[in-house]
Amino acid sequence: MTESARITGCGFIDPTGWGDHLVQNTWPAGATVCPDRLAWRLFSESPFDRFGRLDMVSQYAVVAAEMSLRSRTDTSDDEETAIVLTTAGSLAADLEFLASMGAPGGASPTAFSYTLPSTAIAEVAIRYHMKGPSLCLPKPPHLPEIGLREGLRLVCRQEARRCLCLVADAIPTCAMPLLPADHRGGLADHYAYAFLIEGGSPPRTAVSTGIADMRVEARQQVIRAETSPHRAGGVASQLCRFLRGADSHGQRGIESFEVSSTREVLIITKAADTIS
Amino acid sequence: MARGYNIWAVDAITALGEGVEETWRRMLNMECGIRPLRRFAQGRYQTDVAAEIAPDIEEAVRAGAFVGSSRAYALALRTARRTLRQADPRPGRTGLVLATTKAGVDELEQRAGGAGGEGRCHYLPSVLASDLATELHLDGPVSAVSNACASGSIAVMEAARTLDSAQCDHVLVVGVDIVSDFVLAGFSCLKALSPLPCRPFDKSRNGLSLGEGAGAILLTKDRGPQALAVVRGWAATNDATHITAPSRTGSGLTAALVHALNLSGFAPGDIDYINAHGTGTVFNDEMEARAIHSTFGSDVPVSSMKGYLGHTLGAAGVIEMSLCVMALRDRIIPASLGLQDLGISSHIRVAVRHQQASRMDHIVSIKCGFGGMNAVVILGGVGHD
């Protein structure tokens, strides 16, 4: 069975910069990566009231979501859903809450409110009025394609018309020893990548309504595109670069991006009018 | 959407006992598993009661897992093994979906408190799921779902989608959460705990009672002679209003109920019992009653299982669904323990005592959670296609 959908939006924030499928902005030399500062540029409110109160992973998720949703031509509805794929989840908030339990003022209700891995997706749903099903999938870092695969599955099954797939983590240095040894090192510890997936038949004409087409095909053999463990942001970061028109080495004109798992391959092809 | 995912085996380990049959039997005796705190200091939290696993079961659970493992892992492993044994041998590949909110948070408490060593990191749901699958020699896809207290129901949906993708032949859904200092302190500071055992839908309800436990459901597309029940449909929505409080109007849950009925082709009158989330908090029960009334009117019997088992958080969806399989089998509508005077503004029919149902073909199970999560699963008996 072949399942297909379209990627119609893309946004990211990581140590290399921030942007969408058209533009990558780089951080000023020496600047600290901080979604709070970026929020002032992105949101028409200055910034929206809740932003400063969000935990770090929610801030990253909301910023990436904002950039990916700019291409949305209609408002959200009950059929819009959001998925977050996260490795550390609420680990930072958990540690903050545990510290508050022993503090003179007692356990913090605000900190406790953020001690669920699903809080980031809840904040995104509140911000963008996404009333369809929400899904939080804690995943080991070497299974990055799952979020996209789940989004594709939801729109193909018509459980959602549109799905925002997020890969997000914000792991403070103090939490790093609490991760399994094979989860540490590698790529960034603070990042969010967002991909907006829409259902319906992929466009077959030169005039595309999306950035890229995406489909899944069954594999007869066991194939893995990535052989070494890497952070969840790794493949998502590569996909962002691909959607902007360059491969991971800056080479342009690449038309197809593939991520293989044990039984199937996720194939993303640039829409006809976006191929440079 | 393809419908009809068969439940081949179920199990639960709860404050009322080991095994879904034992838990169900004691529920029918109207026994309450919510008792004075055993593993935690009295007077430290907003409440001194919770539904903890009994010491003799705890010992057996511990004996089955490696030394030093988290309680969540030990509980999940035992219920998973018990469930898989019911369906041995199974042809084909078996996957795993784990449902949890805080997984092995007891291990995080120890390590953050200065305990040395690497540990297993079972406070990360993905690691807990992976270790379970390895120990159980499961060869299908492995995933974890953490959608607050709707995790268990959403994990069942995820399992059904996994079966549809033909990546495996069976999926074992395991739900687990434990009572810990972390969650006791958290719900205490939110002022969400009832000082006495919770009283869902009662006029005097004033909070939830925490519970712990694990449950497992083996789901497959093949009906087979051993099928106990069938997952007929589902829907999930998000209120998109608040990270801890439910929508006051119940609009998100109403939408989920309507979607689940529509997608599975049922009318409200086809449903014979509603297994409510029914936490015993003022706002949840009021919201839920509104949604149930607006979808079903006041004819379908409703009850909550939290008065027996406490709120088992991410495990609730799986544990309570396994008990719904018992309700389908025995055609019994379980009473809502703790209810004396109905205290909700919408008129719904909450069962005060157990009832033998003249018809028990389909059950709706509702679970809701922080972050506006609403999940609805429709279960059916095997003879009602």
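All figures in this text were calculated on a predicted structure; none of them were measured in a lab. Reminder, nothing fancy here: chain letters follow the sequence lines and each chain counts from 1.
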Visitor: Atom OG in B/Ser126, atom CG in A/Leu85: separation rounded to 0.5 Å?
Guide: 9.5 Å

Visitor: Given the options A/Gly102, A/Ala107, A/Ser100, A/Ala160, which has more heavy-atom pairs under 4.5 Å with chain B than any of the others?
Guide: A/Ala107

Visitor: Select one option (side chain, backbone, both, neither) describing which atoms of B/Leu124 are under 4.5 Å from chain A's heavy atoms.
Guide: side chain

Visitor: Where do B/Ser251 and A/Lys131 land on the side chain to side chain contact (heavy atoms under 4.5 Å, CB included) test, with the steps shown first?
Guide: CA-CA 10 Å; B/Ser251 59; A/Lys131 296 186 175 180; 5.5 Å; no

Visitor: Which one, B/Gly186, B/Ser130, B/Ala375, B/Ala235, leads in non-hydrogen pairs under 4.5 Å with chain A?
Guide: B/Gly186

Visitor: Look up atom CZ in B/Arg161 and atom SG in A/Cys156, then write down how far apart they are to the nearest 0.5 Å.
Guide: 12.5 Å

Visitor: Less than 4.5 Å to any heavy atom of chain B: does that hold for the side chain of A/Ser90, its backbone, both, or neither?
Guide: side chain

Visitor: Would A/Leu91 and B/Leu108 satisfy side chain to side chain contact (heavy atoms under 4.5 Å, CB included), going step by step from the backbone distance to the final call?
Guide: CA-CA 9 Å; A/Leu91 187 56; B/Leu108 183 63; 3.9 Å; yes

Visitor: Can you name the closest pair of heavy atoms from A/Phe97 and B/Cys189 and give their distance?
Guide: CE1-SG, 4.1 Å

Visitor: Just say parallel, tilted or perpendicular for the rings of B/Phe182 and A/Phe112, cut-offs at 30° and 60°.
Guide: tilted

Visitor: Looking only at heavy atoms and a cut-off of under 4.5 Å, which of B/Lys191, B/Met373, B/Glu158, B/His242 has the most pairs with chain A?
Guide: B/Glu158

Visitor: Taking the side chain as C-beta and beyond, is there a heavy-atom pair between B/Ile243 and A/Tyr114 under 4.5 Å?
Guide: yes

Visitor: So how far is it from A/Leu178 CG to B/Glu107 CD, rounded to the nearest 0.5 Å?
Guide: 9.0 Å

Visitor: State whether a side-chain donor-acceptor pair under 3.5 Å links B/Asn238 with A/Ser134.
Guide: yes

Visitor: Relative to chain A, which segment of B/Thr241 carries a heavy atom at a distance below 4.5 Å: side chain, backbone, both, or neither?
Guide: backbone

Visitor: Return the CG to CD distance between A/Asp94 and B/Glu109, rounded to the nearest 0.5 Å.
Guide: 10.0 Å

Visitor: Under 4.5 Å from any heavy atom of chain A, what part of B/Asn374 do you find: side chain, backbone, both or neither?
Guide: neither

Visitor: Roughly how far, to the nearest 0.5 Å, is OG of B/Ser143 from CG of A/Leu135?
Guide: 8.5 Å

Visitor: Above 12 or not: heavy atoms from other molecules or residues under 6.0 Å from CZ of B/Phe66?
Guide: yes

Visitor: So, do B/Asp164 and A/Arg153 sit near enough that their side-chain heavy atoms are less than 4.5 Å apart?
Guide: no

Visitor: When heavy-atom pairs shorter than 4.5 Å are enumerated against chain A, which of B/Ser151, B/Ala236, B/Gly371, B/Ala150 gives the highest number?
Guide: B/Ala236

Visitor: Can you tell which part of B/Val145 gets under 4.5 Å to a heavy atom of chain A, answering side chain, backbone, both or neither?
Guide: both

Visitor: Atom OG1 of B/Thr162 and atom CD of A/Glu150: how far apart are they, to the nearest 0.5 Å?
Guide: 6.5 Å

Visitor: Only pairs of heavy atoms separated by less than 4.5 Å count here; which of A/Ser118, A/Ala125, A/Ser113, A/Ala122 has the most with chain B?
Guide: A/Ser118

Visitor: Using heavy-atom distances under 4.5 Å, tell me whether B/Ile154 contacts chain A through its side chain, its backbone, both, or neither.
Guide: side chain

Visitor: Examine whether an atom of B/Lys102 lies under 4.5 Å from a heavy atom of chain A, and if so say whether it belongs to the side chain, the backbone or both; otherwise answer neither.
Guide: side chain

Visitor: Side chain, backbone, both or neither: which part of B/Asp239 has a heavy atom under 4.5 Å from chain A?
Guide: backbone

